[in-house]
Each structure stands twice: as structure tokens, then as C-alpha cells.
S.K.: 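The following block contains the structure, expressed as C-alpha cells.
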Amino acid sequence: MIPPVGPSHYLVLSGLLFAIGLAGAASRRNIIMILLSLELILSAANLAFVTFSKILGNLEGQIMVFFVMIVAAAEVAVGLAIAVVMVRRTGKSDADSFRNLKW
Amino acid sequence: MMPPHLWYLAPELWVAGLAALILLVDLACKGKGSREIPLGAAIALLPVAPILLLQVNLGTRTLLGGMYRLDPLALFFKVIFVAAGILVLVMTREFSRTLERAHAEFTALILLALLGMLLAASSASFLMLFVALELITISFYVMTAYLKTDARSLEAGLKYLILGSIASGLFLYGIAWVYGAAGTTSFAGLRQALAGRTTLSPGLALGLLLIVSGITFKAACVPLHLWVPDVYEGAPTPVTAFLSVGSKSAGFVAALRVLHELFLPASNQWAGLIAWLAGLTILYGNLCAIPQKNIKRLMGYSSIGHAGYILIGVAAASSLGSAATSFYLAGYLVSNLTIFLVISAFWQAVGSDEMADYAGLSRRSPFLAAAMFVALLSLAGVPPMVGFFGKFLLLLSAIQEGFLWVAIVGAAAVVISLYYYLLLVATMYADPPKDPTPIPVSLPVRLALYACLAGILGIGIFQEPCVRLSLAAVRSFF
């Protein structure tokens with residue numbers, strides 16, 4: 001018997017998304033994949049906001065989500081721009097190849 | 001007659017209007033004569049100072065549907081941010097030859113980051129705080145990677161972007177949990193919901209932990225400090241200077257708002273953790289600074305060390321600790337920007353950031369060497385410079401609140417920091433110069449250096465007015 005889907009399921013899903021995003025950003029070597037993982041982290045937060053908004057019955061969380069989506073778009077636009085310039089310079093999109101500065 | 005609401009927002013409107021104007025003027029002039037734009041912007045920012053002084057009489061008021069608030073703490077930090085913005089723009093003019101292109105966009109980005117800092121100081125809800133901090137950080141991503149032909153600048157920009165976005169993600173997820181547990185994102189509502197709560201529910205504790213880790217990234221503290229040395233070294237010098245002063249102060253104003261304004265009743269839950277972070281940050285920054293060869297990298301580690309000191313004031317969670325945090329940041333502004341003004345003047349003449357090239361600076365430019373010497377002593381905490389009094393207040397607040405061990409760590413680290421700062425002084429004064437040609441210092445840089453030195457010695461000797469202001473700034477929290 002499968003229990004009906006409730007708010008707690010969404011919170012668990014958002015926690016999973018958050019963990020997958022963090023792990024991806026930390027372990028992936030391709031810049032595009034790293035940017036994708038970063039988006040996943042923000043989406044996890046958005047899902048949590050919407051779920052809490054539903055549980056609490058106020059709209060503040062949903063308003064927050066609109067702003068987060070805009071910020072996420074700005075962030076990824078800048079990230080892709082930097083990635084394009086780097087790939088043009090080096091011909092590689094592998095984060096391991098950027099080692100001019102001591103890490 | 002201006003509507004009263006706009007008068008409260010005057011500094012922000014001025015900065016935003018200036019940024020838009022610069023982009024338009026550059027479009028109309030087709031980029032001609034754009035090298036003087038940073039200096040023009042610095043002069044155009046000067047009227048914001050009297051506006052801020054006039055706003056002191058306005059008292060505390062919340063505007064824009066509870067998003068924005070003008071209070072003494074916001075005003076105190078806005079003065080710091082505007083002063084930093086003006087000095088950084090003066091530095092940008094020195095740097096414009098290296099910049100080569102698009103000076104107007106660079107100036108506009110500095111102004112947008114400044115706008116974000118002003119809004120962060122005034123934010124009265126987590127929504128505003130998040131958007132303001134992102135405005136700062138995204139402007140800095142672009143500015144860090146601005147030297148398209150310099151591989152180090154691009155790499156620094158990419159590293160900053162990846163780690164910065166992870167930190168924003170942590171911060172945002174923390175806000176989501178605090179919202180879920182307390183039911184609102186506005187500071188006024190949260191303060192009511194959290195009043196008298198000495199223990200935190202698991203949701204609130206998780207949220208607070210994530211928010212604090214997001215803030216430690218901005219303030220350059222352990223555990224999210226890894227980006228600092230690389231970004232400081234790779235970014236254009238004015239950007240490094242603005243990061244070290246403006247971005248750090250924005251992180252700490254957020255820390256004061258969240259921890260001291262909202263979560264103060266539960267301070268026994270988080271103060272110990274922050275004190276540990278402070279101790280670790282101080283030791284990490286100061287120990288790693290010792291073997292550095294590049295001066296911007298050295299300043300990166302030194303800035304981690306200073307972030308640790310400031311964190312002591314946050315951990316103390318008393319009005320003295322809070323005031324000491326604000327006071328220290330004001331002193332750090334003048335001391336650190338003096339050093340970055342010298343670094344950018346030196347870079348303009350010599351084209352190097354290596355510490356070995358600073359040999360014999362006292363003979364090539366006695367003024368630059370002397371300014372650097374005074375600022376380094378202030379950073380190390382030697383009386384009568386402002387850095388001494390700031391450290392004194394911070395350590396005092398730690399002892400008052402029972403964090404004696406942090407105070408001892410801080411005092412011990414002063415000795416370590418004196419060692420690597422004086423090593424640089426010895427290079428400047430004792431070693432013979434490789435190339436004895438004098439280093440020219442342009443008039444704006446000279447004036448900016450005089451202003452900073454006046455701040456270091458003036459606030460250091462007559463501390464009382466500034467301490468009084470910083471105490472008044474945090475009075476409403478305690």
C-alpha cells in the first residue's frame with residue numbers, strides 16, 4: 001500500500017535534490033555539469049519554499065521563488081559567459097585544466 | 001518637493017542613477033575619453049556622504065512593504081560602503097591602462113556592487129537580503145573575470161563563481177528552513193517569532209547553520225574560505241580591494257542582522273560554534289600568510305585572519321561585541337585600502353605584485369613606503385593606529401562573554417601577523433632596489449592616501465566618537 005503524497009514527501013525530494021546538486025558540484029569536472037548542479041541546488045531551495053508555503057498557508061515563500069528564479073538565471077548567464085571565454089582560450093571545458101593559480 | 005519615501009532611499013537611488021548614467025554617456029561618446037570615467041564617478045559619489053549624514057536625524061523607519069529599513073546600523077555600514085566605493089574608483093583609474101577596454105562597464109559594475117551593499121545594509125527581510133547579496137556577488141563574478149586575456153583572472157572568476165553559487169545555494173536553503181519553521185521571511189516577524197526562544201527547533205537550527213555557512217563565504221571565514229587566496233591573486237587589483245573591504249563588510253552586516261538581531265535569544269546555541277570558527281579562521285589566515293611571495297595573495301590570507309578577529313565580536317553576542325565588529329570594519333577599511341592604493345600605484349609603475357620587487361620602495365617613493373608601513377602596523381594592531389583599538393575592543397568583548405581562550409588565540413596571532421607584516425616592511429626599507437627610478441604618485445591617489453592615513457591615525461587617537469557611533473548603531477538589538 002503506497003501512502004498518499006503529502007508535503008513531507010516534497011521536503012524529502014528537495015533534500016535529495018539539494019544533496020545531488022552539492023555532490024555534483026563537488027565531484028563533476030565538466031564546467032557545464034557543474035553549472036547544472038548549481039541550478040539543482042537552487043531548485044531544491046525553490047521546492048522547499050513552495051512546500052513550506054503550502055504547509056503554512058501564506059504566499060511569502062512563493063514570492064521568494066520568483067526572485068530566486070531570476071537570480072539563478074543571472075548567475076548561470078554569467079557562468080556560461082565565463083565558461084565560453086575559457087573554452088575559447090584553452091579549447092577544454094574541463095575544470096581540472098585550470099590550474100594556473102595554486103588551489 | 002521630493003516625496004518623503006524617496007528621501008530615505010536617496011543614497012541607493014543616487015548610486016543606481018549614476019550607474020545608468022555612466023552606461024548611457026559611454027554609449028553617446030562611443031567610448032572616447034572613457035579612462036577618466038572612474039574618477040568622474042568617484043567625484044559624483046561624494047555628495048552621498050552629506051546625504052547619509054542628513055539621514056541620521058530621520059530615525060528608524062521601515063519602507064517598501066517591510067523590505068527596506070533605515071536604522072543607525074544601516075547608516076553606519078553605508079558610510080563604510082560609500083567610502084570604500086570612492087577609494088576603489090580612484091584605484092580603478094590607476095588601473096585603467098591594464099584594463100584596456102570597457103572602462104564604463106567596469107565602473108558601472110563597481111557601482112552596482114556598491115548598490116547591493118547599500119541594500120544589504122538596509123534589508124529588513126530575507127528576500128531583500130538574498131537579492132542584495134546576489135547583486136553584490138554576481139557583479140563581482142564579472143569583475144573578477146574582467147581581464148579576458150589574462151588566464152589567471154578568468155580562472156579566478158570561474159572558481160569564485162562556482163564556490164559563490166554553492167554558498168548562495170546553502171544560504172537560500174537555510175532561508176527556506178527558517179521560513180518553514182518560523183512562518184515568515186521578514187525580520188520584524190521573525191524577531192517576534194523567535195523572542196524568548198532559548199532553544200532552537202531542528203528546522204530552525206538547520207536553517208541557521210546553512211545561513212551562517214553562506215555568510216562565512218562572503219566574510220571569508222573558515223570553513224568556506226578556500227576561494228580567497230586564488231580570487232584575490234587573480235582578480236584585478238581594485239576588485240580585490242573592493243572584495244576585501246566591501247564584500248566582507250556586507251557579509252558581517254548580514255551576520256549582525258541574522259545572529260544579533262534575530263537569533264539573539266538563542267545565543268547559547270550558536271555562540272560557541274562561532275567562537276570556534278573565529279579561532280580557526282585567525283590561526284589559518286595568519287599561519288598561511290607567512291610563506292607567501294605575492295602581495296595580493298598575502299593580503300588574501302591576511303584578510304582571512306582579520307575576518308576571524310571580527311567573528312570574535314559576532315560570537316560575543318553582546319552590545320560591546322556587536323559595536324566592536326562595526327568599529328573594526330571601519331578601521332579595517334582605511335588600513336586595508338591604504339595598502340591596496342599603494343599596490344595599485346606600484347603596479348601602474350612597475351607592473352608586478354611580487355613582494356621581492358618591493359625591495360627598496362622607501363628610496364623609490366618614500367611616501368608610498370611610509371603609507372604602507374603605517375597601514376601594516378595598523379593591521380597588525382600596534383597603537384596608536386586604529387587597528388589596535390579595534391582588536392582591543394574585540395578581545396575585551398570575548399573576555400567579557402567568557403571566551404578567554406579565543407582572546408588568547410587572537411593575542412598570540414598578533415605576534416604571527418607582526419612577523420609577516422614586518423618582513424614586507426624590511427623588504428621595503430632595508431633591501432636595495434633593483435631599479436632605482438622613482439615611482440610617480442598621481443594626485444587622486446595621493447589625496448586618497450592622505451584621507452586613509454588621516455582615518456588610521458585620527459580614529460586611532462580619537463576613538464571616542466567612532467566607538468560612540470558604533471554603540472549607538474547596535475543599541476536597538478540588545
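We name chains A, B, ... by the order of the sequence lines, and we start the count at 1 in each one.
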S.K.: Check the surroundings of atom CD in B/Q192: do more than 12 heavy atoms from other residues, nucleotides or ligands lie under 6.0 Å from it?
M.R.: no

S.K.: Any residues in residues 172-189 of chain B near chain A, with a heavy-atom distance under 4.5 Å, and which are they?
M.R.: B/L172, B/Y173, B/I175, B/A176, B/W177, B/Y179, B/G180, B/G183, B/T184, B/T185, B/S186

S.K.: Provide the closest heavy-atom pair for A/L38 versus B/S165 in the form atom of the first, atom of the second, distance.
M.R.: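 Closest approach of A/L38 to B/S165: CD1-CB, 3.5 Å.
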
S.K.: What part of A/S37 lies closer than 4.5 angstrom to a heavy atom of chain B: side chain, backbone, both or neither?
M.R.: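 Looking at A/S37, nothing touches chain B.
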
S.K.: Which one, A/N58, A/I41, A/T51, leads in non-hydrogen pairs under 4.5 Å with chain B?
M.R.: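 Among the listed options, the one with the most contacts to chain B is A/N58.
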
S.K.: For the residue pair A/M64 and B/F126, what are the closest heavy atoms and their distance?
M.R.: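 Heavy atoms only, the tightest pair is CE-O, 4.1 Å.
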
S.K.: Rounded to the nearest 0.5 Å, what separates atom CG in B/L158 from atom CD1 in A/I31?
M.R.: 5.0 Å

S.K.: Distance check, rounded to the nearest 0.5 Å: A/I34 atom CD1 versus B/I166 atom CD1?
M.R.: 8.0 Å

S.K.: Just wondering, do B/S168 and A/E75 contact through their side chains at under 4.5 Å, heavy atoms?
M.R.: yes

S.K.: Write down the atom of B/K148, the atom of A/R89, and the distance for their closest heavy-atom approach.
M.R.: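 That would be O-CD, 3.7 Å.
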
S.K.: Determine whether more than 12 heavy atoms belonging to other residues, nucleotides or ligands lie under 6.0 Å from atom OH of B/Y284.
M.R.: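 Yes, enclosed.
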
S.K.: Closest approach of B/L161 and A/G79, non-hydrogen atoms and distance?
M.R.: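 Looking at all heavy atoms of both residues, the shortest contact is CD2-CA, 3.5 Å.
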
S.K.: For residues 65-73 of chain A, give me every residue with a non-hydrogen atom less than 4.5 Å from any non-hydrogen atom of chain B.
M.R.: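 A/F67, A/V68, A/V71 fall under the 4.5 Å cut-off.
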
S.K.: Give, as side chain, backbone, both or neither, the part of A/S14 having an atom under 4.5 angstrom from any heavy atom of chain B.
M.R.: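 For A/S14, backbone and side chain are both near chain B.
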
S.K.: Given that the side chain runs from C-beta out, which part of A/I55 has a heavy atom under 4.5 Å from chain B: side chain, backbone, both or neither?
M.R.: neither

S.K.: With a 4.5 angstrom heavy-atom cut-off, could you sort out which part of A/F18 is near chain B: side chain, backbone, both or neither?
M.R.: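 Side chain only.
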
